[in-house]
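Beneath this line is the structure, given in C-alpha cells, with notes to follow.
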Amino acid sequence: MESKPYTLPSQSATVLIGTQFGDEGKGKLVDYLSDQYDIVVRYQGGANAGHTICFDGKSVVLHLIPSGIFNEKCVCVIGNGVVIDPVALLEEIAKVEELGYTVKGRLFISHNAHLIMPYHKRLDALSESNAQGGQKIGTTGRGIGPSYEDKFARKGIRVVDLLSPALLQEKLRDNLAEKNKLFRNIYEGEEIDVESMVREYEEFDKLMDPYITNTQLYLNRQLRQGKTVLLEGAQGCLLDVDHGTYPYVTSSSPTSGGACTGSGIAPNHIGKVIGVCKAYMTRVGNGAFPTELLDETGETLGQVGHEFGATTGRKRRCGWIDLVAMRYSVAVNGITELALTKLDVLDGFAEVKVCNSYMLDGKEIRDFPTDHQTLSRVKPVFTALKGWMASNAAARTFEEMRPEARDYVAFLERELEVPVTFISVGPGREETVFR
C-alpha cells in the first residue's frame, strides 16, 4: 500500500506579542491587522489585561475578547490558556453587542479554559493587601494568580465543567471547603456560601453555552483548510512567569512559546512572530525598571502618552526605551519583525534617549539579567538622538515621516537586527505607517 506524501504545515499562523512590560499598544495593531486574518486567538492571561482600540471617534477597552472582534469578517477565539471570569466576559460580550457588532457565531471559548471564581478574586485581594512592602507584586486583584495556582495544583474548574452540573457542584464544594478555611483561619474573614455559588455558576452555563467549543480541534482544522490565524498575547515578555523579572511577573506565559500551549496550535504552523514595543517604555506595578525616569521627563511621557492602566486606572511608570531588554525579548520570542507604537508621544522632545547597555559593578554589560536582584542594581547607559519636534500623524509612508523620526527607527533596527514594519504615528486606526 502506497503511503501518502507528507504535507508540510502552511505556517499561516502569526504570533503577536508584547516585548516589554505590557501596555505596548497590541490592541491597536491586532485591530489594524484583523482584516488580513480569518481568526484571532487570545492565548493566555485573563481580565487583568486591557487592550485599548480607537476607531470611529470611540475608545474601547477589551479585557478578554480578542481585539479582532470589531472586524465582522473575523472569528475570535479565547484559548485554553486563558483564565476566564464569567462575569467580566458576559459584560464584555454585552458591551460589544451594544456597539452594533455580532458576537454569537463569531466568538468561540475553549472548553478547556479555566474559570476565575469569586474566591480567587478575594484571595488575590487579601494576599496583596496583607503582603509587606517589597513583597507586594502590584497585582490587579482580578483573581488571575490564584486561578492559575489552582490550575497547576489540579484543583481548577474549567469551562467544560459547567456542562456537567453534578461534577461542577462536587468541585465547588471541595474547593470552597478548603478556601473557606483560609478565609476563616488565616484572614479572619467571612466564608463564601456554597449553595449561592452553585446556583450562580449553573446560570453562567446557560449564558456561555453557545460559545463553548473544542477550540484546539477547531483551530487545527481551520489551519488545514488554509485559514490564517493571528495569536494575540496579553501583558509582555518581561512579565512572563518563566522569562520575566520574577517574582514581579504575571502568572502565565505571554511569550511566543506560550502561544502554542495556550491555543493548541503546534509551533510548525507559526510563520511570523511580531513583537510590539512602545517608542519609550512603561511599567505598572512593582519591580525593577532600569530606564525609569523619576523626573519631569518621566511625568511628561506619562501625561502625553495617557499612561494609566486600561484595567485598573493605575498610573504607569515611564522611561526611555531599553534595547538591552528588547534584545532579550527578540531572542526569547524569535521575533521576525517589530511594530513600533506611540511614536507620536515623542513628537515634542528635542532630544530622545535610548538605553543600549547597562553598567553593573563598574563593568558595561549588554545582556539582560533576568534575576530581579541583579536587574535592580544596573544603571542604564544612554545614547542621545536628535528629536523631530513635529507631528508625523499625517504620514502614511516611511518617506513622509520627519527625517529625525526615520533616523530613530533606523537606529532601533540596526541595534536589534530586526526590521520595523509597523509604526503608529497617532492613536487612531488610520494613523499608521505600514512598511
Side-chain angles (χ1 to χ4, degrees), residues 13-34 36-37 40-45 49-54 61-62 66-68 229-240 243-244 250 252-259 262 270-284 305-307 309-311 316 318-323 325-346 354 408-409 412-413 415-429 431-435:
T14 296
V15 181
L16 187 142
I17 62 107
T19 59
Q20 299 165 321
F21 292 110
D23 308 310
E24 298 93 351
K26 297 179 288 294
K28 175 182 176 176
L29 185 56
V30 173
D31 174 59
Y32 186 86
L33 292 176
S34 61
Q36 301 174 32
Y37 290 85
V40 178
V41 183
R42 171 80 182 275
Y43 62 82
Q44 49 76 223
H51 289 179
T52 305
I53 304 155
C54 301
V61 180
L62 294 175
S67 304
V229 175
L230 180 63
L231 294 143
E232 173 187 15
Q235 291 90 35
C237 172
L238 303 181
L239 295 179
D240 186 277
H243 303 289
T250 192
S252 58
S253 296
T255 46
S256 57
I270 295 170
K272 289 195 298 185
V273 180
I274 303 173
V276 186
C277 66
K278 275 178 181 162
Y280 51 104
M281 206 154 180
T282 62
R283 179 165 197 169
V284 69
H306 306 289
E307 294 298 349
T311 297
R316 295 176 186 142
C318 298
W320 296 118
I321 194 167
D322 184 343
L323 299 192
M326 286 288 299
R327 280 193 292 268
Y328 173 73
S329 290
V330 167
V332 167
N333 293 285
I335 290 169
T336 56
E337 57 190 89
L338 285 169
L340 186 66
T341 63
K342 303 191 88 166
L343 185 70
D344 51 298
V345 174
L346 303 182
V354 175
Y408 179 75
V409 174
L412 300 185
E413 289 182 317
E415 292 298 320
L416 298 173
E417 299 181 342
V418 178
V420 176
T421 58
F422 172 102
I423 305 164
S424 175
V425 292
R429 182 186 275 172
E431 292 175 318
T432 304
V433 172
F434 196 75
R435 297 167 76 193

Verify, without hydrogens or angle tests, whether Tyr280 (side chain) and Lys342 (backbone) share a donor-acceptor contact under 3.5 angstrom.
no
Could you tell me if the side chain of Thr19 sits less than 4.5 Å from the side chain of Ile335, heavy atoms only?
yes
Is there a side-chain contact between Asp344 and Pro427, using heavy atoms and a 4.5 Å cut-off?
yes
Please find the pair of heavy atoms, one from Gln44 and one from Ser252, that lie closest to each other, and give the distance.
NE2-OG, 2.8 Å
Side-chain contact, heavy-atom cut-off 4.5 Å: Leu239 with Gln20?
no
Can you confirm whether Glu417 sits close enough to Arg327 that some side-chain heavy atom of one is under 4.5 Å from a side-chain heavy atom of the other?
no
Specify the closest pair of heavy atoms between Gly233 and Lys26, including all atoms of both residues, with the distance to one decimal.
O-CE, 3.2 Å
CG/Leu338 to CD1/Ile274 distance, rounded to the nearest 0.5 angstrom?
10.0 Å
dist Leu231:CG -> Thr14:OG1 (nearest 0.5 Å) comes out at 8.0 Å
Residues Val345 and Gly305: closest non-hydrogen pair is CG2-CA, 3.7 Å
Classify the ring geometry between Tyr32 and Phe434 as parallel (under 30°), tilted (30 to 60°) or perpendicular (over 60°).
tilted
Using side-chain heavy atoms (C-beta onward) and a distance below 4.5 Å, is Ile270 in contact with Ser256?
no
Between CZ of Arg435 and CD of Glu337, what distance do you get to the nearest 0.5 Å?
11.0 Å
Using the side-chain hydrogen bond (donor to acceptor under 3.5 Å, both in side chains) rule, take Asp240 and Thr255 through it: C-alpha gap first, then chi angles, then the decisive distance, then the call.
CA-CA 7 Å; Asp240 186 277; Thr255 46; 2.9 Å; yes
Quick check: do Val276 and Phe422 have side-chain heavy atoms less than 4.5 Å from each other?
no
Could you check whether Glu232 and Ser67, counting side-chain N and O atoms only, form a donor-acceptor pair closer than 3.5 Å?
yes
Rounded to the nearest 0.5 Å, the SG atom of Cys277 sits from the CG atom of Leu416 at a distance of 7.5 Å
For residues Asp31 and Ser34, report the shortest heavy-atom separation together with the two atoms involved.
O-OG, 3.0 Å
Please test Ile321 against Tyr408 for side chain to side chain contact (heavy atoms under 4.5 Å, CB included), starting from the C-alpha separation and ending with a verdict.
CA-CA 11 Å; Ile321 194 167; Tyr408 179 75; 3.5 Å; yes
Show your reasoning for whether side chain to side chain contact (heavy atoms under 4.5 Å, CB included) applies to Leu62 and Arg42.
CA-CA 11 Å; Leu62 294 175; Arg42 171 80 182 275; over 6 Å; no
For the student: nearest non-hydrogen atoms of Phe21 and Arg283, plus distance
CE2-NH1, 3.1 Å
Nearest 0.5 angstrom please: Glu24 CD to Lys278 NZ, how far?
7.0 Å
Given the rule in the side chain to side chain contact (heavy atoms under 4.5 Å, CB included) test, do Val418 and Thr336 qualify, once you have shown the distances and angles that lead to the verdict?
CA-CA 6 Å; Val418 178; Thr336 56; over 6 Å; no
Got a donor-acceptor contact below 3.5 angstrom from the Glu431 side chain to the Gly428 backbone?
yes
Given side chains that start at C-beta, do those of Leu29 and Leu16 come closer than 4.5 Å, heavy atoms only?
yes
For the OG atom of Ser424 and the CG atom of Leu340, what is their distance to the nearest 0.5 Å?
8.5 Å
Nearest heavy-atom contact between Ile423 and Leu343 is CG2-CD2, 3.8 Å
